[in-house]
Amino acid sequence: MNHPALSSFIWSVADLLRGDYKQSEYGRVILPFTVLRRLDCVLEATKPAVLAEFEARTRAGLNPEPFLLRKAGQSFFNTSPLDLVKLLGDQDHIRQNLYAYVQAFSPAARDIFERFDFYTQVERLAKANLLYLVTEKFAHIDLHPAVVDNASMGAVFEELIRKFAEISNETAGEHFTPREVIRLMVNLLFIEDDDVLTPGNAVVRTIYDPTAGTGGMLSVAGEYLAEHNPQARLTMFGQELNDESYAICKADMLIKGQDVANIVAGNTLSDDGHGGRKFDYMLSNPPFGVEWKKVEKVVRQEHEQKGFDGRFGPGLPRVSDGSMLFLMHLLSKMRPAHEGGSRFGIVLNGSPLFTGGAGSGESEIRRYLLENDLVEAIVGLPTDMFYNTGIATYVWVLSNRKPEDRRGYVQLIDASGFWQKMRKSLGSKRREMSDEHIATVTRLFGDFTEAELVTVIDAAGQAQGEPVLVTNTDTAPTAPEGGRLKRVPIARIFRNEDFGYTTITVERPLRDEAGHVVVGLKGKQKGKPQPDSALRDTENVPLAEDIGAYFKREVLPHAPDAWIDDEKNKVGYEIPFNRHFYVFEPPRSLQAIDEELKTVTASIMKMLGELAE
């Protein structure tokens with residue numbers, strides 16, 4: 001059963017709830033019951049062996065847990081003889097039996113249902129005489145991994161959460177990331193690591209997501225590695241604030257055999273659930289443009305008291321957008337370079353690229369990243385890619401173990417045109433990246449090359465065929481006679497310092513009513529011209545350029561009496577992504593416009609003449 005059909009079937013439970021539950025409350029019932037049925041199916045085959053082992057070990061006075069885990073072949077078990085199908089055999093006691101069944105799960109699985117507040121819903125369903133009917137619905141769908149694999153099950157959960165979030169007017173995008181975006185990020189994360197991807201290498205690596213949601217990023221990373229190197233083992237870690245998403249993530253990790261103690265509930269920024277840990281790989285899609293006022297006191301305290309020994313040493317962004325706090329949190333989790341280093345990918349909106357002038361928190365964070373050579377690449381994604389927003393988004397890839405040829409450089413890739421229209425929109429998501437688009441971006445990153453899309457334009461100004469992607473090593477098409485080649489950059493490579501600048505303060509002298517320059521009378525200012533604050537201005541001088549030469553060339557010809565206040569100089573960094581991919585299109589000639597106007601006018605006059613006849 002494909003996941004749209006499956007989620008549609010599960011959604012039919014809503015027909016039972018209508019009237020007794022508000023639409024915005026459907027998820028409180030459907031999500032935990034879906035998880036319960038999934039766990040139910042996973043344990044079905046080993047149930048008899050687990051019950052026999054439980055009885056034997058309990059009779060012998062031994063702790064049965066390690067034996068039961070082995071018999072179940074999972075990282076969880078259930079010691080009740082009941083399951084959802086058997087529960088239907090005793091309609092009069094279904095509430096008590098359902099309680100007993102859930103209580104018989106091992107502690108990690110039981111916690112999932114506590115996070116869902118499952119018992120409250122059981123009571124409510126029982127009072128509305130719906131408990132048996134809902135249980136019956138779920139007992140008759142097969143959610144065994146052999147029928148519905150982990151990837152499909154994850155997609156089902158995400159689709160259900162999106163639907164419930166839309167009904168509740170919540171931001172569904174806070175919970176998960178489109179699968180094709182995750183696949184692209186995972187590709188970029190692993191492509192340079194031959195030792196991990198080489199089949200037969202029994203390597204063990206760790207991966208972490210501080211905004212884990214339902215665990216989609218961790219799952220896709222695990223699937224990618226298993227596909228390329230089945231002998232590699234990826235140990236997954238995560239933290240999630242939303243209880244429902246946390247419960248689903250934890251259930252997914254249980255079924256995958258991961259240690260669920262590695263998945264922590266809580267706010268990553270105020271209460272780091274993995275303090276002191278370092279990881280090989282990390283992925284994150286923090287919420288866009290969400291203020292961090294709730295945790296401001298804790299974050300500022302860590303910044304001021306711990307500095308670079310804490311997570312927020314480089315600086316703090318404005319309170320209205322906390323996404324750069326998650327970026328710094330990931331930086332603090334990087335394994336030191338001498339221990340193998342780390343690489344991580346994070347999805348951010350456009351704001352972290354350029355918000356904040358020299359000396360601001362955002363600029364200082366960018367300065368730290370670029371001066372420490374941590375940014376490998378930034379990929380601009382198409383708009384309308386996420387479920388809750390249509391804004392432009394960017395994938396940042398950062399590493400403290402750059403390959404030799406990447407050191408000192410940043411690669412920018414503009415993939416904003418790499419999309420295809422979806423057959424059906426999902427919230428704000430109207431576009432998706434195809435496998436071919438993902439492969440192209442991955443290749444450009446892996447080859448660390450510049451590239452452009454080249455379109456052949458004939459003498460009449462018409463495009464000939466589709467644009468061709470041309471890299472540094474490719475031969476560009478030849479322009480036809482009288483025609484030209486239209487070149488649009490797709491990938492560019494810059495030195496780290498290309499994004500830096502010095503903000504200089506340009507002063508002009510204060511003059512009295514007679515127009516004479518006012519000079520200082522005391523101390524260090526004695527005899528020196530006094531600045532006029534109303535005429536004060538600033539200039540941004542590229543880091544690679546000499547400030548004196550710039551001032552002489554750009555300022556003095558226009559203001560011969562100006563000078564620089566060197567004490568106010570500040571170094572800043574910004575990454576004007578779109579500016580580097582802007583292509584100037586010359587306007588049409590006046591003659592061409594005039595000819596077109598004449599043609600249109602003649603056509604209108606002809607039609608008017610026909611009407612008059």
Side-chain angles (χ1 to χ4, degrees), residues 178 180-181 183-185 187-188 191 347-350 352-354 375-386 390-397 405-406 409-422 430-496 498-499 542 574-589 592-593:
E180 75 270 23
V181 175
R183 287 202 305 275
L184 172 63
M185 293 174 73
N187 281 11
L188 301 180
I191 189 167
V347 183
L348 299 171
N349 61 12
L353 290 167
F354 52 78
V375 183
E376 280 197 293
I378 299 173
V379 180
L381 299 178
T383 54
D384 299 322
M385 283 282 286
F386 286 77
I391 63 171
T393 50
Y394 301 83
V395 174
W396 293 50
V397 182
D405 59 337
R406 282 189 181 272
Y409 294 95
V410 175
Q411 184 181 25
L412 302 184
I413 301 174
D414 181 14
S416 60
F418 292 9
W419 57 272
Q420 61 188 24
K421 196 170 183 180
M422 293 177 65
R430 300 177 182 85
R431 297 172 173 178
E432 61 186 0
M433 294 180 80
S434 67
D435 290 343
E436 187 180 340
H437 293 141
I438 293 170
T440 301
V441 175
T442 305
R443 179 168 61 86
L444 291 174
F445 175 80
D447 293 345
F448 187 51
T449 182
E450 293 197 327
E452 53 190 8
L453 279 178
V454 179
T455 307
V456 177
I457 309 291
D458 63 17
Q462 298 299 312
Q464 300 297 297
E466 293 295 313
V468 179
L469 187 72
V470 178
T471 66
N472 288 350
T473 55
D474 298 329
T475 304
T478 307
E481 188 176 343
R484 62 187 178 89
L485 297 180
K486 180 184 175 183
R487 298 174 178 269
V488 177
I490 293 297
R492 300 191 63 187
I493 295 169
F494 297 90
R495 296 188 306 274
N496 290 333
D498 290 342
F499 301 114
E574 67 173 9
I575 304 171
F577 192 96
N578 292 335
R579 191 195 305 164
H580 291 305
F581 292 96
Y582 172 73
V583 177
F584 174 70
E585 285 282 342
R588 290 183 301 157
S589 67
I593 296 170

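When a residue number appears, it is its place in the shown sequence, counting from 1. All figures in this text were calculated on a predicted structure; none of them were measured in a lab.
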Say you draw a straight line from CG of Leu444 to CD1 of Ile413; how long is it, rounded to the nearest 0.5 Å?
5.5 Å
List in chain and number order the residues that pass side chain to side chain contact (heavy atoms under 4.5 Å, CB included) with Ala476, two or more places apart in sequence or in another chain; answer none if no residue qualifies.
Val470, Arg487
From Thr442 atom OG1 to Leu188 atom CG, the distance as rounded to the nearest 0.5 Å
5.0 Å
What I'd like to find out is whether the side chain of Ser416 reaches to under 4.5 Å of the side chain of Phe581, using heavy atoms alone.
no
Can you confirm whether Ile575 sits close enough to Val375 that some side-chain heavy atom of one is under 4.5 Å from a side-chain heavy atom of the other?
no
Can Arg406 be said to sit on top of Phe445's aromatic six-ring, NZ or CZ under 6.0 Å from centre and within 45° of the ring axis?
yes
Please report the interatomic distance CG(Leu453) to CG(Leu485), rounded to the nearest 0.5 Å.
12.5 Å
Are the side chains of Val456 and Pro480 in contact, using a 4.5 Å heavy-atom criterion?
yes
His580 and Phe499: CA distance, side-chain angles, deciding distance, side chain to side chain contact (heavy atoms under 4.5 Å, CB included) verdict
CA-CA 11 Å; His580 291 305; Phe499 301 114; 3.8 Å; yes
Could you check if a side-chain atom of Leu381 sits within less than 4.5 angstrom of a side-chain atom of Leu184, using non-hydrogen atoms only?
yes
Restricting to non-hydrogen atoms, name the atom on Met385 and the atom on Glu432 that form the minimum distance, rounded to 0.1 Å.
SD-CA, 3.9 Å
Non-hydrogen side-chain atoms of Arg443 and Leu469 separated by less than 4.5 Å:
yes
Show your working on side chain to side chain donor-acceptor pair (under 3.5 Å) between Ser434 and His437 and close with a plain yes or no.
CA-CA 5 Å; Ser434 67; His437 293 141; 3.0 Å; yes
Distance from Phe448 atom CZ to Ile191 atom CD1, nearest 0.5 Å?
13.5 Å
Set out, in order, the CA-CA distance, both residues' side-chain angles and the distance that settles side chain to side chain contact (heavy atoms under 4.5 Å, CB included) for Asp414 and Phe577, then state yes or no.
CA-CA 8 Å; Asp414 181 14; Phe577 192 96; 4.2 Å; yes
Does any part of the side chain of Arg492, heavy atoms only, come nearer than 4.5 Å to the side chain of Glu450, both counted from C-beta?
yes
Side chain to side chain contact (heavy atoms under 4.5 Å, CB included) between Ile378 and Leu353, intermediate numbers included:
CA-CA 10 Å; Ile378 299 173; Leu353 290 167; 3.9 Å; yes
To the closest 0.5 Å, what do you measure between CG (Leu412) and OH (Tyr394)?
10.0 Å
Quick one: pull up CD1 in Ile493 and CG in Asp498 and give me the separation to the nearest 0.5 Å.
11.5 Å
Donor-acceptor list for residues 458-467 side chains, cut-off 3.5 Å, not counting sequence neighbours:
| from | atom 1 | to | atom 2 | distance (Å) |
| --- | --- | --- | --- | --- |
| Asp458 | OD1 | Ala460 | N | 3.0 |
| Asp458 | OD1 | Gly461 | N | 3.0 |
| Asp458 | OD1 | Gln462 | N | 2.8 |
| Asp458 | OD2 | Gln464 | NE2 | 2.7 |
| Gln464 | NE2 | Gln462 | O | 3.4 |

Check the side chains of Glu376 and Gln411 for a donor-acceptor pair under 3.5 angstrom, ignoring hydrogens and angles.
no
Determine whether Asp447 and Thr471 satisfy the following criterion, side chain to side chain contact (heavy atoms under 4.5 Å, CB included), listing intermediate values before the conclusion.
CA-CA 10 Å; Asp447 293 345; Thr471 66; over 6 Å; no
Evaluate the side-chain proximity of Phe386 to Val347: yes if any heavy-atom separation is below 4.5 Å, no if none is.
yes
Are the side chains of Met433 and Pro382 in touch, meaning some heavy atoms are under 4.5 Å apart?
yes
